[in-house]
Undergrad: 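Let me give you the structure first, and then I'll get to my questions.
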Amino acid sequence: MAEITEVFGSGIVFSYGDTTAVFTAPTSGWTATDEVTDIKLPQPEKDKIKTSHMLTTGRVHTYRSGWTEPGTAEVTLHYEKTVYSTLKALEGLDKNFRAIFLDGSGVGWTGYITGVYPETDIEGLVTTVIKFQVSGALTTIAALA
Amino acid sequence: MSYEVALTSILRGDEQLTALGATVRPLTGAQKDQRPLVTYELSDEEAVSQTMQAQSATKRRTIEIGLLADTYAEVIELGQNVGRILPATVGTVEGVIIAWIRANGESDIEQGVEPGTDKPVFVRTQSYRTLYRAAT
């Protein structure tokens, strides 16, 4: 098998914008957040609909794909009081969000922030945690324009 | 910003340690250095909570303190003073913002001999961990 070019897990740029922001636009319409330490991207999952019945061959259950639950996301960044206040004010508002990887591809989604809160660590730093609910299908970003 | 400069300033700035006549030196000091002697060595620097774009400005580091004195009691007293001074240090010192310095272990006291003499020298090491960053 041909070797792939691996993409490092660091250097991911997380941004948010209005629901009119174009996912492939390089910067226009997007606000990037600084000092992100961790991103948990949405993990969409399709429901399963059981289709097996009394006469199903081999008495092995069969399924069809059902609705997709688009999932949730979480971003953690170093706490800064002004950034925290700005993000806190976005709670509940429909927005576009995206994470762009080092190779220029990424993932985008529409949804809303379900919560913004600080987390403390006596051994380290105060961080801001942002939690999201995804609404609708994820957008696969092949490359920025 | 130099943690070494800050650490030296912290130790040399303590009146009780100074009253003991302690000399503060990096690494192991020199052979003819006056005792009691407090030496320091910094190692294991690591960036705390690395961000996606860059290393975090906040760092952790290990401080190894060496305590050398002519008597058993003196080494104990040196150790107690350093153990009092370092964990109490919080704030900005010589351009370094220190979040905490935490004691991380202490060796037994060992007895050696000053090279070229029969004079006993008593030695103990202490280890500390510190969280800090440069003042902007």
Side-chain angles (χ1 to χ4, degrees), chain A residues 6-16 26-27 30-42 73-84 86-87 97-108 116-130 132 141 144, chain B residues 1-4 6-7 10 40-65 82-106 125-136:
Chain A
E6 296 133 353
V7 180
F8 292 132
S10 59
I12 298 173
V13 177
F14 172 75
S15 316
Y16 62 89
T27 53
W30 294 95
T31 303
T33 48
D34 280 337
E35 308 235 350
V36 172
T37 58
D38 190 29
I39 300 179
K40 289 184 179 54
L41 294 173
E74 190 172 306
V75 169
T76 306
L77 51 147
H78 287 160
Y79 173 87
E80 195 284 326
K81 59 185 178 185
T82 307
V83 172
Y84 176 82
T86 302
L87 291 168
F97 306 94
R98 71 179 186 186
I100 303 297
F101 308 140
L102 275 177
D103 68 351
S105 70
V107 170
V116 178
Y117 56 89
E119 263 192 356
T120 62
D121 176 6
I122 194 171
E123 300 269 329
L125 304 174
V126 180
T127 53
T128 296
V129 178
I130 317 168
F132 308 83
I141 302 165
L144 296 178
Chain B
M1 187 281 298
S2 161
Y3 200 95
E4 286 81 350
L7 184 61
I10 293 163
Y40 62 85
E41 187 174 351
L42 299 167
S43 64
D44 290 340
E45 184 183 82
E46 56 169 319
V48 170
S49 189
Q50 181 151 332
T51 70
M52 287 291 178
Q53 271 64 50
Q55 268 205 351
S56 168
T58 303
K59 308 225 190 287
R60 275 197 203 95
R61 218 158 173 188
T62 295
I63 307 168
E64 294 288 344
I65 296 287
V82 174
R84 169 186 55 80
I85 297 163
L86 293 186
T89 303
V90 174
T92 306
V93 181
E94 301 287 346
V96 178
I97 303 174
I98 296 172
W100 45 256
I101 302 176
R102 190 160 293 157
N104 199 31
E106 183 177 71
T125 58
Q126 294 177 329
S127 182
Y128 296 85
R129 285 288 281 172
T130 181
L131 183 75
Y132 68 98
R133 70 166 189 273
T136 49

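Chain identifiers are assigned alphabetically (A, B, ...) following the order of the sequence lines, protein sequences preceding nucleic acid strands; residue numbering begins at 1 within each chain. Here the structure is a predicted model, which means the values were calculated and not measured.
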Undergrad: For B:S2, which residues count as a side chain to side chain donor-acceptor pair (under 3.5 Å) partner, sequence neighbours excluded?
TA: B:E4

Undergrad: Please tabulate, one pair per line, the N or O donor-acceptor pairs under 3.5 Å between chain B and chain A.
TA:
residue, atom, partner, partner atom, Å
B:S49, O, A:H78, NE2, 3.1
B:S49, OG, A:H78, NE2, 2.9
B:M52, N, A:V36, O, 2.7
B:M52, O, A:G11, N, 2.6
B:Q53, NE2, A:I12, O, 3.1
B:R60, NH2, A:E123, O, 3.1
B:W100, NE1, A:I122, O, 3.2
B:R102, NH1, A:E123, OE1, 3.1
B:R102, NH1, A:E123, OE2, 2.4

Undergrad: Would you check if B:M52 and A:L77 make a side-chain contact, meaning some heavy-atom pair closer than 4.5 Å?
TA: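 Result no, sub-4.5 Å side-chain heavy-atom pair not found.
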
Undergrad: Which region of A:L102, side chain (C-beta onward) or backbone (N, CA, C, O), has a non-hydrogen atom less than 4.5 Å from a non-hydrogen atom of chain B, or is it both or neither?
TA: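 Neither part.
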
